[in-house]
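Worksheet for the structure shown next.
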Amino acid sequence: MVKEFQELKPETQRILREIKKVPYGQVSSYRDIAVRAGLINGAASCASSTRTF
């Protein structure tokens, strides 16, 4: 089930915005994305956010 972006939790929205900023062909760890999204210990939530879609 695909949700509208506005229906997602704020943390998930921040994570997805950061994922979108990763340039094509480059790699970023869940931890790095979580830290950039302001979630200090959010690597696990970052990983689960990618399963939203």
Side-chain angles (χ1 to χ4, degrees):
M1 176 173 143
V2 176
K3 296 182 179 181
E4 292 294 323
F5 187 77
Q6 294 78 13
E7 295 174 359
L8 300 173
K9 295 190 296 184
E11 296 84 13
T12 303
Q13 290 180 10
R14 290 195 317 238
I15 289 168
L16 293 176
R17 282 189 198 107
E18 290 303 322
I19 289 172
K20 189 175 178 180
K21 292 178 185 177
V22 176
Y24 179 79
Q26 294 208 3
V27 181
S28 188
S29 71
Y30 289 138
R31 181 190 172 279
D32 292 340
I33 292 169
V35 169
R36 287 196 306 259
L39 305 169
I40 303 305
N41 294 319
S45 62
C46 184
S48 67
S49 293
T50 60
R51 289 181 273 171
T52 305
F53 298 95

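- The residues Lys21 and Glu18 are annotated as salt-bridged, a charged nitrogen and a carboxylate oxygen being separated by less than 4.0 angstrom.
- For the atom pair CD1 (Ile15) and NZ (Lys9), the distance works out to 8.5 Å, reported to the nearest 0.5 Å.
- For Lys20, the salt bridge (charged side-chain N to carboxylate O under 4.0 Å, His left out) test picks out no residue, with sequence neighbours left out.
- Contact record, Phe5 with Gln13: O-NE2, 3.0 Å, taken as the closest heavy-atom pair.
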Determine all donor-acceptor pairs shorter than 3.5 Å in which one atom belongs to a side chain in residues 31-39; sequence neighbours excluded.
unit_1	atom_1	unit_2	atom_2	d
Asp32	OD2	Ser29	OG	3.2
Arg36	NH2	Ser28	OG	3.2

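- No path of Ile, Leu, Val, Met, Phe, Trp and Tyr side chains, each step under 4.5 Å between heavy atoms, connects Tyr30 with Leu16, placing them in separate hydrophobic clusters.
- Between Ser45 and Gly42, the shortest heavy-atom contact is OG-O, 2.9 Å.
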